[in-house]
> 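Here you go, one structure.
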Amino acid sequence: MKRRSALAAMGAISLGLTSTNLLKGEVLQKPRSLKKETVNTDILVVGGGTAGVVAAIQAARAGKKTVLVENGSMLGGTTTTGGVNFPGIFFAWGKQVIGGIGWEMVQEAVALNNDQLPDFSIPHGRQHWKHQVRLNGPLYSMVIEDKCVEAGVGLRFYESPVSAVETKDGWKVITVGKSSQTEIFCNQLIDCTGNANVVSLAGYNLLREEEIQPGTLMFRIGGYQMDQLDMKMITAEFNQAVERGDLIKGEFLSVQSLLRNAGDNVQHIHGADATTSISHTLANVKGRASLFRTFKFLRGLPGLEKLKIMDMQNETATRESFRIDSIYKITHEDYVTGRVFEDAVSYSYYPIDLHDANGVVPKHLEQGMVATVPLRALIPAGSRNLIVAGRCVGSDRLANSALRVQASCMGMGQAAAAAAVLANTQRTTPDKVKISDIHQLLTEHGAIVPVKEA
């Protein structure tokens, strides 16, 4: 009933159906004016991706009035709209290191699709993808949206923040959307945009390299039989097309993997940046142009005459943009040595995974190593009542190439929300909350908290 009531309320407000005099015939309407609204909430989460969904659910389940702003049409970010629907890694060295709300959502999506989880007791060696969990993306998007509604999260799609101003009691964030402008007053603000958009609007410094990692447009192709292809000939033709300039060097590093995997995570779009509408438009156009160009070329080769594009994501998924200038910046050395910080609030486990013009060669962690994320890395230096989660975590570039993956972002999202919840309750700011209190709240909600070995 709680879910039904929430949905009914959302529908009534959005359609204006609060009157009993409904649908009595066609009425000439004046031109629509910009709808202005003021919303008050305890916690505002901006960005409904991997980290933001978990953060919003954690805050709402902990009893706080929570609003989640997402500029797209659905939740899930990289996992859903980006199509990278194989989150990981939740287990390290035979032991689960990331659980809680993110793991709950993944398990439910797996069960509803009659899928099977990997056997995490078998070491993945240098094939870390064996421990990633393949999800039905559309189903997963419905699972996480349902959990948000059930928890009482106020969802606001198609809205983007354009201003973030500190107030006496927290923040005033202005968002714009379809014929709307909203002032949202909150006590605690969580930036889960992935690009640190809110942190930037609030006036805090960011970190970024001159060159960022390439993005990828996820897609599936079909209409051919792999065992009937002359791969030696196809590879030669492909390489010659690159040399002639008919295909762009580096967009597909291997035609073998492109055909063997029937698409999937095989493309590199250099400079793909989701920070602004302009840069994200360019990334999307370049991603689709790359696929279209390669598709038309391959259809001219023997055995690929009936090549088809079976599916394609709506947008090019991006790997890197801005990171926050945090109280503490996680270094590559911190990550690969498995440093357990005094204020560690979540784990992260993944190879160092920096993509560049030559592709990617993951650098795996040594036996037994599991990294941790300190609370200080989630807080912009000098800020109050502001915290982040996700790939914009304060870190150097190499550490960030591992921290940015989905399971790690889920852990950060839940930890950031726990800190925000307690800061709201205790009338303080996240960096002043006791780590023991954060650990206790996280444990109550199923998360796994870092502990130092005796």
Side-chain angles (χ1 to χ4, degrees), residues 45 47 49-59 61-62 77-79 87-93 95-106 131 133 188 190-192 194 323-324 326-331 334-351 365 369-380 387-395 399-423 430-431 433-453:
V45 181
T50 308
V53 168
V54 175
I57 294 172
Q58 172 63 89
R61 285 183 179 178
T78 298
T79 315
I89 298 177
F90 296 90
F91 286 74
W93 318 113
K95 179 181 178 181
Q96 188 167 9
V97 293
I98 296 173
I101 294 169
W103 182 240
E104 171 195 324
M105 299 187 307
V106 167
H131 277 195
V133 184
Q188 300 293 324
I190 308 178
D191 184 343
C192 295
R323 308 182 300 277
I324 66 168
S326 50
I327 297 174
Y328 181 84
K329 181 171 70 176
I330 304 170
T331 67
D334 292 332
Y335 199 92
V336 299
T337 59
R339 180 179 175 184
V340 181
F341 296 90
E342 293 295 332
D343 61 336
V345 289
S346 65
Y347 283 113
S348 175
Y349 174 71
Y350 205 76
L365 301 182
M369 293 298 176
V370 182
T372 68
V373 179
L375 179 66
R376 290 167 294 162
L378 302 178
I379 301 173
I387 192 167
V388 310
R391 71 168 186 252
C392 60
V393 56
S395 50
N400 192 263
S401 72
L403 286 160
R404 65 178 172 80
V405 301
Q406 290 141 302
S408 299
C409 289
M410 290 175 177
M412 284 186 266
Q414 191 161 355
V421 164
L422 291 166
D431 62 306
V433 176
K434 291 182 180 178
I435 300 301
S436 58
D437 290 347
I438 296 174
H439 283 190
Q440 180 179 341
L441 180 58
L442 287 171
T443 302
E444 290 172 359
H445 288 266
I448 298 170
V449 299
V451 294
K452 282 199 171 187
E453 298 294 333

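Note that the structure is a prediction, hence the values are computed from the model and not measured.
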> Which pair of non-hydrogen atoms, one from Lys452 and one from Val340, has the smallest distance, and what is that distance?
CE-O, 3.0 Å
> Which heavy atom of Met412 sits nearest a heavy atom of Leu378, and at what distance?
SD-CD2, 3.9 Å
> So which heavy atom on Thr50 is nearest to which on Cys409, and how close?
CG2-CB, 4.1 Å
> Can you confirm whether Leu403 sits close enough to Arg391 that some side-chain heavy atom of one is under 4.5 Å from a side-chain heavy atom of the other?
no
> Using the side-chain hydrogen bond (donor to acceptor under 3.5 Å, both in side chains) criterion, which residues pair with Thr337? Sequence neighbours excluded.
none
> Using modelled atom types and a 3.5 Å cut-off, is there a donor and acceptor pairing between side-chain atoms of Gln406 and backbone atoms of Thr78?
no
> Only distances under 3.5 Å count here; give the side-chain donor-acceptor pairs of residues 439-447 to other protein atoms, sequence neighbours excluded, each with its distance to 0.1 Å.
| unit_1 | atom_1 | unit_2 | atom_2 | d |
| --- | --- | --- | --- | --- |
| His439 | NE2 | Ala344 | O | 2.7 |
| Gln440 | NE2 | Glu444 | OE2 | 3.4 |
| Thr443 | OG1 | His439 | O | 2.7 |

> Got a donor-acceptor contact below 3.5 angstrom from the Ser436 side chain to the Lys434 backbone?
no
> Who pairs with Asp343 by side chain to side chain contact (heavy atoms under 4.5 Å, CB included), at least two apart in sequence or on another chain?
Phe341, Pro374, Leu375, Arg376, Ile435
> Ignoring hydrogens, what is the shortest heavy-atom contact between Ala416 and Ala389? Give both atom names and the distance.
CB-CB, 3.9 Å
> Do Ile98 and Tyr349 have side-chain heavy atoms sitting under 4.5 Å apart?
no
> If we ignore hydrogens and angles and just use 3.5 Å, is the side chain of Thr331 paired with the main-chain N or O of Ala399 as donor and acceptor?
no
> What residues form a ring pair (Phe, Tyr, Trp, His ring centres under 6.0 Å) with Phe90, not counting sequence neighbours?
Trp103
> Would you please name every residue forming a ring pair (Phe, Tyr, Trp, His ring centres under 6.0 Å) with Tyr347, sequence neighbours left out?
none
> Just verifying a value: how many Å separate Asp431 CG and Ile387 CD1, rounded to the nearest 0.5 Å?
8.5 Å
> To the nearest 0.5 Å, what is the distance between CG (Leu422) and CG (Asp437)?
6.0 Å
> Determine whether Val393 and Asn400 make a side-chain contact, defined as any pair of heavy atoms from C-beta on separated by less than 4.5 Å.
yes
> Determine whether Val370 and Lys95 make a side-chain contact, defined as any pair of heavy atoms from C-beta on separated by less than 4.5 Å.
no
> Between Ile101 and Arg61, is any pair of side-chain heavy atoms under 4.5 Å apart?
yes
> So, for Gln414 and Gly99, which heavy atoms are closest and what is the spacing to 0.1 Å?
OE1-O, 4.3 Å
> What is the distance from atom OG1 of Thr79 to atom CE of Met410, rounded to the nearest 0.5 Å?
5.5 Å
> Once side-chain hydrogen bond (donor to acceptor under 3.5 Å, both in side chains) is applied, do any residues pair with Ser348, and if so which ones, sequence neighbours excluded?
Tyr335, Ser408
> Tell me the closest heavy-atom pair linking Ala92 and Val97, and the distance in Å.
CB-CG1, 4.1 Å
